[in-house]
Amino acid sequence: MTELTIYEISSPGRVGVRFPEPDVPLSPLPEEFVREDLPMPEVSELDVVRHFTNLSVLNYSIDRGYYPLGSCTMKYNPKINEDMARLPGFAFSHPLQPVDTVQGNLALMYTLQEWLGAISGFPAVSLQPAAGAHGELVGILIIRAYHLDRGDTGRTRIIVPDSAHGTNPASSAIAGYEVVNVKTNADGNVDLDSLRAVCDSSTAGLMLTNPNTLGLFDCNVREVIEIVHAAGGLVYGDGANLNALLGIVRPGDVGFDVMHFNLHKTFSTPHGGGGPGSGPVGVAAHLADFLPDPVVTILEPGTATEAPLYGFAHPAKTIGRIKAFHGHFGMFVRAFTYIAMNGAEGMRKIAEHAVLNANYLMARLKDTYHVPYDRICMHEFVMEGHYDYAPDVRALDIAKRLMDYNFHPPTNYFPLIVHEALMIEPTETENKQTLDRFADTLIQIAEEARTDPDLLKTAPHITPIGRVDEVKAAKDLVLCCWMPDTL
Amino acid sequence: MTELTIYEISSPGRVGVRFPEPDVPLSPLPEEFVREDLPMPEVSELDVVRHFTNLSVLNYSIDRGYYPLGSCTMKYNPKINEDMARLPGFAFSHPLQPVDTVQGNLALMYTLQEWLGAISGFPAVSLQPAAGAHGELVGILIIRAYHLDRGDTGRTRIIVPDSAHGTNPASSAIAGYEVVNVKTNADGNVDLDSLRAVCDSSTAGLMLTNPNTLGLFDCNVREVIEIVHAAGGLVYGDGANLNALLGIVRPGDVGFDVMHFNLHKTFSTPHGGGGPGSGPVGVAAHLADFLPDPVVTILEPGTATEAPLYGFAHPAKTIGRIKAFHGHFGMFVRAFTYIAMNGAEGMRKIAEHAVLNANYLMARLKDTYHVPYDRICMHEFVMEGHYDYAPDVRALDIAKRLMDYNFHPPTNYFPLIVHEALMIEPTETENKQTLDRFADTLIQIAEEARTDPDLLKTAPHITPIGRVDEVKAAKDLVLCCWMPDTL
Amino acid sequence: MFIPHSDDEREAMLRVIGVEKLEDLFRDVPAEFRFPQLNLPPALTEMEIADELNELAYANESTRDLACFLGAGAYNHYVPAAVDAIIRRGEFLTAYTPYQPEVSQGTLQAIFEYQSLIANLTGMDVSNASHYDGATATAEAAVMAYHNFRGKRTKILMAHTVHPHYRQTVRTYLQGYTDIIIEGDDVLGDALDSPCNTLTGQIDANTALVVVQYPDFFGRMYDYTEMVQAAHAQGALVCIVTNPIALGLIKAPGAFDADIVVGDGQPLGIPLSYGGPYLGIFAVKKDYVRKIAGRLVGETIDGQGRRAYVLTLTAREQHIRREKATSNICTNVGLIALASTVYMSLLGKHGLRKVAELCYQKAHYAAEEIASIPGFSVCSGAPYFHEFIVCCPTSVEEINAHLLEHNILGGYDLSQDYPAMKNQMLLAVTEMNSRDQIDALVDALKEFSDD
Amino acid sequence: MFIPHSDDEREAMLRVIGVEKLEDLFRDVPAEFRFPQLNLPPALTEMEIADELNELAYANESTRDLACFLGAGAYNHYVPAAVDAIIRRGEFLTAYTPYQPEVSQGTLQAIFEYQSLIANLTGMDVSNASHYDGATATAEAAVMAYHNFRGKRTKILMAHTVHPHYRQTVRTYLQGYTDIIIEGDDVLGDALDSPCNTLTGQIDANTALVVVQYPDFFGRMYDYTEMVQAAHAQGALVCIVTNPIALGLIKAPGAFDADIVVGDGQPLGIPLSYGGPYLGIFAVKKDYVRKIAGRLVGETIDGQGRRAYVLTLTAREQHIRREKATSNICTNVGLIALASTVYMSLLGKHGLRKVAELCYQKAHYAAEEIASIPGFSVCSGAPYFHEFIVCCPTSVEEINAHLLEHNILGGYDLSQDYPAMKNQMLLAVTEMNSRDQIDALVDALKEFSDD
Ligand SMILES: Cc1ncc(COP(=O)(O)O)c(C=O)c1O
Ligand SMILES: Cc1ncc(COP(=O)(O)O)c(C=O)c1O
C-alpha cells in the first residue's frame, strides 16, 4: 500500500491546529509584501497524525529490529535521553540568553567537553560541529590554520587512505586541499611505503580512520602518525568508529592531532532517519587556539559552596564561527545522559562487547562468506557478498533478501576496496540470540543462493514496496509533490 | 509472524533498568518472609522496547485508521491531552497531600464538575467512578439510597430495555436489584405499553440509554420518564451516547434523575486498548446528598484578587466511597483540556457533525444493507449484516472482510434485538473522504458476497493472524505464559 | 476544533441525507429542550489551554518539589522512561478493547503477558486483565466469594488492617446484598492487633471470605499460613490484599495458600497522578477461574495454526451474561496494565528485587533514626516492609505543617481512620528517598523532640 | 548499562571466536596505551541521572519562566503537541538515513513532502532534504555559486543585513578558497542602509553570488526584485536568506526571482533548545538541481509499478563523488525536517498565515507602544515583519538587566555586531507574546523614560 501524500489528502477549507485571534489593534501590511497564494495543505489534526503514523510504520528502525549497518553504530538509543532533552529548562531556553540565566546549559556543555576530552585524550574540545562531516571540515580548517599560523604556506595536500569514507576527501576539498590517496596493504593497514612516498613538504595532513572502515585497528598507527608528523603534517582522526576504542585506547595518547566524535553513533543519540547528528572536535594542545568560536569555559571558578560561573571564550586564533549559535545542544543532553550512565567502566564495557559481538559474528560467518582480511576485528567487519557457486548473486541481493527475514541489511559496497562488500556492525546492545538468528539467516541465504538464487534476485518480498527504479527517479526528477501554479 | 513472549526472550542473568546500591546501613529481612524464587523475566531495555514496539504494530488504532465501532465513540484523541496529563505538577502529586498543596488539581476537578453539570443539566456531579459500568453501579446505588432514605423499602426492581448494553442489567444486579426487561417497539423507541405494564410500586427505576443503542433518539422520552416517575421510580441515563447530545439537549432538563458520562468516549480521553476510562455521575438536585464520598467543593470563596480555596466535601447521605482516592485524575486533565478547547459552540458542533456523519453513511448504505429502523439517526446507526442472495454470509464475515480494506469493523451482534447487527458510529472527527471510502468498500463487499462469498468467509487475509479458534482458547485455558515451578 | 468538514462538504452530505440543514437532524429531540445555551467559557486554542494548564499544574506542590514520605496506598517510585515511551504509542493508546483478535494481537499479547507476570509475582495461577484499582478489586473479591457459595455463606470477615478506602469501598459495593454481614474491621480496638489474632476466632461455617492485607495498611507483614488454614478448614475463601512492589523481596501471598490476591498495581510504574488511574490486580487459584471478574486473555491458534491470543471465557461477562454476569465491569484499565507490564519487564527479576530491597532498607534506616529522637518512637509492633508507624509527641497535623515548611511531605495521619491512634503517623520510604532526604526529615522532626 | 550479555553468554562467544578473554581482542592496540583510566565520574542509574538533569535544567531560566522578546535568528513559537508525538515514534527516531528504500518509505515520503512544502513555501522549484542550519546552508550556497561558475567568478557580495553568525560562517567555510573575495558586509557604515542601495552598484561580471536576507537581520522587508534583476543582468546568482514563518504572510522570495533560498527552519515547530538542532533550508531553481548540496528524494516506482520514493541524484554526493562532491554533507537534520513537515501540515494554509499575522500584528503593537515612551524610538527605517530596532536612552545591557528583574528576556544588543548601533536593541514579538506581556515590557521600559 502506498500512502497518499499530504497534498493529496488536503481538502479546501479544512483547518488543523488553530491559533487565537489577535488581542492587539491591527496594522496593515504594506500592499507590496502581501502574499497572494499560499499553496500549503489543508488537513485536520487527525489527518496529520494518521498520515505520519502510517508513514512511520513503513520504516525499519532499531526499535523494531536488528540494524547491523556498518559504520553507523546503530546501538540502542535509551528512552531516557529523549525525556531529558525535552526538560523545559533545556528545550525552551534561547541561545542568546544572558549566560547567568543559562548556567544549567553551560555547566552541561562544559562537562561534556571535559568528558569527551577524558575519553579521547584531547585536552580541548569544541561541541559546535553539527555532524561528522562538519567536524571533519572544522578539523581540516584547523590544520590549515595551524600551518598558516606558522608561516608554512606550501602545504596544499591532504592524504586520505583508499578505505576512507567519502566525507574525508570531500571535506578536504571544501577546505581547499588537493586530495592524495594512499593504499591499504594486504593486512588491511595503511601501506607504509605508499604513505612515505606521498609524504613531503606539501603534506598538510592525513585523515585516518582507526579502526578503519574494514573494522581493523591499524597496528602501525604509531608509525603512520610518525611518518606524517616527520613530514610536517598533522593527523586527523575520523572518530566515526570510536565505539571500538572507548576505554581501550585514547586517540590523543597515540598522537592524533585532531579528531571528531559522532555523538549520533558512539554516544547513543538517535539517528532520526538522517540526523540531526553532532560532531564535536577534540584537538591536541597545540591546536586549542584554533578551535571554532566560541567554546564554553569557566569565567569565575567555583568555591566549596558555589558553582563556578560558566560562559563563552573565544579561542585566540580561531578558524571562526562554523554555524549559528553553539551546536546541537539537544544532542549534548542525550550524550551527557548516556556517558553519565556508563562511567569509565561502562565505556570500556561498551567497546569490549561491541568488539566481542563483531568477532563472534565474523567467526560464525567466515566459513560461509569470504572475509578478505582474516584477523581479529574491532567493532565491525567486512565480508564479501557473493558465492562462487552462484555467480549472478550480488551483495545487493543478499542485502535485500535479509529484509525478508526482518533484518536490516549491512552497509553494502563500502568500503570501496572490498569486492561486493558487506560491512557488518553488530553493536554492543544486541544479544547473542539475535546475533545467532542473524548468522543462521545469512547461512541459510547462502544455501538459498545455491538452491533458488531467484529468491535473492527478486528479494525483498515482504516489504511495503519492492526494489525501486532508481534510473527513473534520476531521469524524471520528480522532487516535489505539488508544484504551485504560480511558478 | 507471531512475537515471542517476554518470558521466551528472557535470558538468565540479563538485566534491564538498574537501580543504585543502598546508601544506608542494611537491616536484615526476617527469614520467614524472604522470597526464594522470583520467576520474572530477565531482559534488556532494548529487548523490552523492541518487544512492545513490535507488539504495538499488530494493533489497529484510531491513529492508524478508521474505527467506526458503534457505542464506543472512537473519535480522534488530541495529542495535547497526553502532554497536559503528564505535566509534572499533575503527574507527580500524591492523592493524600494536604489540600492547600494541590489547589491546581482541585481547581481543575471543581471546574470539570461544573462543566459536566453545564453540559448535562445536572446540578451535582461526582468525578469518582472509574468507567461507565462503575458509574452505573454508583447511579443505581444512589437510586437505592434515595428510596431507602424515604423509607420506601419495597422497590426491588430495575427496568432495562431489551436494547440496553450488558452493563446495565449487570450493574443493577450487583446493586441487589431484580432486572425487568422492557421491549423496544417497531419505531425503535421504548414500547410505552410494555413499560406501563411493568411499572409499579416495586419499580426502583429505569435505565435508559438515549439515544439508544440503535442510535435513535427516543421521541417519547418525556412520556417514558413520566411513566416511571409516576410509579415512584427514578430514571437513570446511560450517558455512553452523550456525544450525540452535546449542546443539543441536556438530559437533566428532560427529567433524567441520574446519568453517567464516559470521558473515554464523549470527551476524547483515549481508550487505551481497554481503559482506563472515567465515568463521572451527574444527579438532579434531589439526589445530590447521595453522591459518593467525597466531592470537590469550595471551602473558602475567592475574592477579586484571590482564587477560592478548594477542598473536599462529604455528601450528607452519601452511598459511601466507591474506590480509593478521587477518581481517574489523569483522565480529568484530558477531558478538561478537550472541553476547554471546544467551548459551548464546539460542543454543539461535535454533536451536529457526529450525527451528520452517521446519517450520511446510513444514507449511502441503506440501499445495499437493510436498516431495520429507517429514520433519522443520531451519532450511530445499526444495519443488518447479511444479504438475501448470499445466505451463508454473516455479519461477522463482513466485519472480518472490512479488515482487508484497512478498516476496523463496526460493533457486531449488538444490540441483541437486531438480526446480524452491524452498529456503525463514524464520529465527528472523520472526514467525508474517509466515510466515502468506507461506504464504497461496504458496497463492494456486498458485491463480493454475490460473486465470491468465500472471500468473506475466509477473511481477513492481510492481518497478522487469521480468525482464531475461540473454542480451543476456552477449552485449553492457557492464561499464563509461564507457570512457576513452585506452584 | 477537531472537525474536518468544510462548508461545501457539509452541504453535499446534507443533500445526500435529504435534509436542508443540520438542525433538521434533531427533530426527534423535544423542541422545548433543543439547543440549550451551555454555560461554558469561550473555546481556547491549543496554545492557550497549554498555558492555562501549565499554570494550574504549577499551582501544585508535587512530589517533584517536596521530599515525599507519604504512602498509605499510593507510592512514589521511579518510572523508567521506556514505560511512557511504549504506552504513548498511538497503536496502544487509541485502540479499543481487543474484541477483534485479528487486529488486536498487540494488546492481547501484552495483556496475556500482564496476566503471566502478575500470576508469577503474586504466586497465583491466574490473573485477570485488570480491575479499576485495589479498592474495587477487593470489593469484587467479596462479590465473587459471595457468589461462589451461591449466597449461602453471608459473612465477610475483613481485617481492620486493610486500607480504610478499600474497606469503605467493599461496604459501598455490598450495600445491595442485604444479607451480607461484614465484620472484623473494628477500628476502635487496638489497631495494632494482628488480624491472625482478631479474625481467626471469628471464622465460621457462614464465612464466605476472609480479607487481610500483606503488607498491611500499616506496612506490617504477618505470616498468614495458619489463618488461611483455619479459614479453609471452615470452607471459607481467603483474599489477600497486597502491594506488588513488596513481592520482589518478600514471600508471595500465594505461598500462604490464598485463594484470591488483589491489590493496587500503582507501584509498578504508574505515576501518582493525584490518585488515578491506577491498576486493580485480581488473581485467583485455578479453581476460581470461571468465577473471576473482568476480562481474560487466553492463548489459542488461528486457522493456519499460528499462535494467537483472544478474549476468552467471555460467557462470565456482562455483554453475554447480562444480569447474571460475575461482575458489571467492562472497560478496565488496559493501558495501565500495559504500563505495569513494561515496568515489570524492564526491571525484571533483578530490578524488582532491587527496588524492594531499597524500599526496605531505606525505610528501616529512617525508622531507626526517627526512633532515636526523644519523644518519637516507631510503634509498628511487627516486621514491616517500607511503611511504619511513628508515635509522635504532638499531632500529626502540626508536624506535617512544619515538615512542609522544610519542603517535606509528611506521613499519613492515622487518627483519621483509627480514632485511638492519636499522634500516630504512617511514614513510607521508597527508592526515591535519598539518605539526605531521610536525614533532613529526621532533622526536621528533631525540632519536636521533647529533649 | 545497556549491554545484554550474561557471563555465560560472553564465555560461549569467546570460545567460538577462539580467544580466552575480552582483553585478547585488543592485541592490535599498542600495549602502552591500552586500557587507559578514563577520568569520568562513577556511573549513575537512570533514576539518578534524571534527578541530576532535572536540577541542571531547573538551574536555567527559560522562556517558560521569562516573557521572551529575544529573537535574532531563533524564535519562540508555539509547537503543537502532535509534532513531538510523531517525531518521538521509534520508527522515525531510530532509523538511519534511508539508503534502503524498501524499508525506509516512511522517512523517504516524509522528506519528499518536506521538499514539497519548502519549495511551495519559498516559491522555489526544488528543496533539498535539509542542511544543518541557516548559517551553514548560506555557506553552502556560496560554495555552490562558486562551483557553478567553475571558479571563474570569485566575488561574493553579502549584505551587512545578513545575520552576523551566518556571515561569519560563510567566511569560515570559504577560507580555503583563497581566490574568493567576500564583500558588501561592512558593518561600520550606516547599518540601516538598504542592501538594494549598498550592493547593487557593486555587482559586476566577477560576481558569483549576491546574498541578502528577507526579512533581514533587523526584521525589515525590502522588495529585492530590481536588485535581483541587476544581478542577473551581470550573470550573477542571488541567494535570499529567509525566515519561513514570515512566508505565511509575506511574498515568497521566489517571487523576487531568487536563484537560491536558504534560511533556518527553526520557527517551523522546532523548540529553541539553546540553539540546536535547528533546520537548514536550501531551495533552488530547477536549473541548479544538479548543483545542490545534500540529499534529494525523488519519486519513482517499484518493480510492480507502485509509487515509491528513493534518494536520487546521489552522484553529486560525497559517498560517490568523494573530493568532487558538491558538498561534504552526509548526515543532515532529518528528524527536524520531519518535525517541520508535521508542523507545516498541522498549521496548513490557514494556520501558517494566522501565525505570521499574529507575529506581525503583535510586533507592530509593541513597536507603537514603545515608540510612544519618551526617550525610546523605533528606528528600523523600513517595513518590518516581527522584529524591530529600538533606539534606547541607555545601554541595552543595562536595560536587559532591568527587564530580567521583571521576568522579561529583553532584545538583542545590536552593538555587539554593529559598533555604530550603540544603545540599539533588536526586539522580536511572536504569537507567544500576549498583550499583557507586551504591556508589561512597555511598563518596564518606561522606567528608563527620559521624561
Ligand atoms: C567513517 C565515517 N566517517 C564520517 C562519516 C560522516 O559522519 P556524518 O554522517 O555524521 O557527517 C561517517 C558517517 O556515515 C562515517 O561512517
Ligand atoms: C451503551 C453503553 N453503556 C455502558 C457502557 C459501559 O461503559 P464502560 O466500558 O466505560 O464501563 C458501554 C461501553 O461500551 C456502552 O456502550
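Below, read A as the first sequence line, B as the second, and so on, with proteins coming before strands; counting in each chain starts at 1.
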Segment of [X] engaging chain C (4.5 angstrom heavy-atom cut-off):
| X | value |
| --- | --- |
| B:L216 | neither |
| B:P25 | both |
| B:I319 | both |
| B:A474 | both |
| B:P30 | both |
| B:Y360 | both |
| B:E430 | backbone |
| B:Y67 | side chain |
| B:S56 | both |
| B:R467 | both |
| B:R86 | side chain |

At a heavy-atom distance under 4.5 Å, which candidate from [options] has the highest pair count against chain C?
| options | answer |
| --- | --- |
| B:Y60, B:F336, B:F217 | B:F217 |
| B:H264, B:E470, B:R222, B:K349 | B:R222 |
| B:G176, B:A170, B:G89, B:G274 | B:G274 |
| B:R144, B:E45, B:M84, B:Q103 | B:R144 |
| B:L69, B:L87, B:N431 | B:L87 |
| B:M341, B:K472, B:R364 | B:M341 |

Near-ring test B:F414/C:H319, centroid separation under 6.0 angstrom: no

Electrostatic pair [X]:[Y] at N-O distance under 4.0 angstrom:
| X | Y | value |
| --- | --- | --- |
| C:E317 | C:R295 | yes |
| C:R89 | B:D63 | no |
| C:R34 | B:D253 | no |

Side chain to side chain contact (heavy atoms under 4.5 Å, CB included) between B:I248 and B:E352, intermediate numbers included: CA-CA 8 Å; B:I248 305 298; B:E352 284 173 344; 4.2 Å; yes

Does atom [atom1] ([X]) have a neighbourhood of more than 12 heavy atoms from anything else shown, all under 6.0 Å?
| X | atom1 | result |
| --- | --- | --- |
| C:K251 | NZ | yes |
| B:E345 | CD | no |
| C:F35 | CZ | yes |

Consider only side-chain N and O atoms of [X] and [Y], and report whether a donor and an acceptor are under 3.5 Å apart.
| X | Y | answer |
| --- | --- | --- |
| B:H51 | C:E113 | yes |
| B:N105 | B:S93 | yes |
| B:S171 | B:E136 | yes |

Sidechain-backbone polar pair: C:Q105 side chain, C:P101 backbone, donor-acceptor under 3.5 Å: yes

Main-chain N/O of B:E42 paired to B:S10 side chain as donor or acceptor, under 3.5 Å: yes

For [X], is it the side chain, the backbone, both or neither that has a heavy atom under 4.5 Å from a heavy atom of chain B?
| X | value |
| --- | --- |
| C:L247 | both |
| C:L14 | both |
| C:T107 | both |
| C:P41 | both |
| C:L53 | both |
| C:V297 | backbone |
| C:I301 | both |
| C:N54 | both |
| C:T136 | side chain |
| C:L249 | both |
| C:D133 | side chain |
| C:T178 | side chain |
| C:L296 | side chain |
| C:Q304 | neither |

Specify whether [X] and [Y] have parallel, tilted or perpendicular ring planes, treating 30° as the upper limit for parallel and 60° as the lower limit for perpendicular.
| X | Y | value |
| --- | --- | --- |
| B:H134 | C:Y173 | tilted |
| B:H328 | C:Y132 | perpendicular |
| C:H165 | B:F325 | perpendicular |

Please determine, among [options], the option with the most heavy-atom pairs under 4.5 Å with chain B.
| options | value |
| --- | --- |
| C:I320, C:L404, C:L338, C:V16 | C:V16 |
| C:A129, C:A82, C:A252 | C:A252 |
| C:A325, C:S345, C:A308 | C:S345 |
| C:A12, C:C330, C:S273, C:A135 | C:S273 |
| C:L409, C:L44, C:V355 | C:L44 |
| C:M344, C:R307, C:E9 | C:R307 |

Verdict with supporting geometry, C:L335 and C:F92, side chain to side chain contact (heavy atoms under 4.5 Å, CB included): CA-CA 7 Å; C:L335 196 75; C:F92 283 130; 4.1 Å; yes

Gap between atom NE2 of B:H271 and atom NZ of B:K75 - 0.5 Å precision: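 Reported to 0.5 Å precision, the distance equals 13.5 Å.
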
Gap between atom CG of C:L22 and atom CG of B:N359 - 0.5 Å precision: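 The CG atom of B:N359 sits 10.5 Å away from the CG atom of C:L22.
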
Residue pair B:R321, C:R171: steps toward the side chain to side chain contact (heavy atoms under 4.5 Å, CB included) verdict: CA-CA 8 Å; B:R321 180 173 273 289; C:R171 287 181 184 276; over 6 Å; no

B:D23 and its side-chain hydrogen bond (donor to acceptor under 3.5 Å, both in side chains) partner, picked from C:K362, C:R435, C:Q361: C:K362

